[in-house]
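Below: the structure, in structure tokens.
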Amino acid sequence: MSRLVVQNLHIDAATTNGTKNIVDDLSFQLTSGQTLAIVGQSGGGKTMTALAIASLLPDNCHCQGKILLDDTDILQLSNRELRQLRGKSIQYLPQSGQEYLNPSLTIGRQILAGIKHRQQRRAIKQQALQLFEQYGLSPALRIWKSYPHKLSGGQAQRVVLAMAAIAHPQLIIADEPTKGVDAQWAKRWIGELRQMFGQAMIILITHDIEIASCANQMLVVYDGQTMQYGNAKDILQGGHPYTDNLISALPNNGMYVSNVTNATVYNACRYSAKCQYVCARCANVTLNKVGTDTLRRCVL
């Protein structure tokens, strides 16, 4: 059984205005067959967390903490070891399949890149064609011979899925894979994603807490900090003011967001600047990091 453990993850970025903290002390874990949704508004550090796990952070970013895939700390690997890990054990699915694919190569050439053995190339091509048909990419041979610009956005995304499935990865990181589509189709797509990758671990990055409800586990983040973490069904009951606002902002809940008070900003919880319940205790409450229990800073 595979296992991913992220411990005390910090990410800082060097900017023209100095160093900016992007992710502040995130911790979570995941095992085979589980889906973890990391949910929060744009700019909250979700994608940067995903890029850190895939070891794809920009050069101006510095990462601290531990990212353990089974017993291997990804942050301690050499560039050569990371290249062997990415694309095999870890597959990163970006927001846009079109941006992921190389526009100068056909889909088939991209899938076979780096594979020299003729018999192995033949087997992978056959597997890819079968996956294309399975994912509704028909006729499969035409897709194989096509350049990325000949594909629609949905076709490109499914090609990327097929490329990931061929590698039989331990971990799939899907960054806003349902961006720009309606909730009903998005939930169906995530269900298909789970079926495609069997017992692989899946991290789903999303700003939509309704889409996140498809996961087993949920990590709610705001400005790089954990607001809540644990069983998705428990978190969807609310408990932290930020989580409550995400739930209330759903259309079927009236898109209601609590009013913000002019409160003092306390150091412990970054959401306190926008929280109507902020009080002095917000500076002193620490996270409960025992097992998979729900983590919260809020004492309400």
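Residue indices begin at 1 and follow the sequence shown.
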Exercise for the section: Apply side-chain hydrogen bond (donor to acceptor under 3.5 Å, both in side chains) to Ser42 and list each qualifying residue two or more places apart in sequence or on a separate chain. Expected result: none

Going by atom type alone, with no hydrogens or angles, which donor-acceptor pairs under 3.5 Å involve a side-chain atom of residues 161-172 and a protein atom two or more places apart or on another chain?
from, atom 1, to, atom 2, distance (Å)
Gln170, OE1, Ser89, OG, 3.2
Gln170, NE2, Ser2, OG, 3.0
Gln170, NE2, Asp70, OD2, 2.9

Problem - Contacts of type side chain to side chain contact (heavy atoms under 4.5 Å, CB included), residue Asn79, not counting sequence neighbours - result: Leu82, Arg83

Handout entry: Qualifying side chain to side chain donor-acceptor pair (under 3.5 Å) pairs with a residue from residues 45-64, counting only residues at least two apart or across chains
Key = Thr47-Asp175

Practice task
Could I get the full list of side-chain hydrogen bond (donor to acceptor under 3.5 Å, both in side chains) partners for Asp73, not counting sequence neighbours?
Solution key: none

Problem - Partners passing side chain to side chain contact (heavy atoms under 4.5 Å, CB included) against Cys214 (at least two apart in sequence or in another chain) - result: Lys187, Ile190

Practice task
Return the set of residues passing side-chain hydrogen bond (donor to acceptor under 3.5 Å, both in side chains) with Thr206 (not counting sequence neighbours), or none when no residue passes.
Solution key: none

Could you list the donor-acceptor pairs under 3.5 angstrom formed by side chains in residues 127-146, with sequence neighbours left out?
from, atom 1, to, atom 2, distance (Å)
Glu133, OE2, Ala140, N, 3.3
Ser146, OG, Arg142, O, 2.6

Handout entry: Thr15 side-chain N/O to Asn17 backbone N/O, donor-acceptor pair under 3.5 Å
Key = yes

Exercise for the section: Check which hydrophobic residues are tied to Val5 through side-chain heavy-atom contacts below 4.5 Å, counting indirect links as well, and list them. Expected result: Leu68

Report, one line per pair, each donor and acceptor closer than 3.5 Å where one atom sits in a side chain of residues 148-156; sequence neighbours left out.
from, atom 1, to, atom 2, distance (Å)
Ser152, OG, Gln155, N, 3.2
Ser152, OG, Gln155, OE1, 3.4
Gln155, OE1, Ser152, N, 2.9

Handout entry: Arg3: side-chain hydrogen bond (donor to acceptor under 3.5 Å, both in side chains) partners, not counting sequence neighbours
Key = Gln29

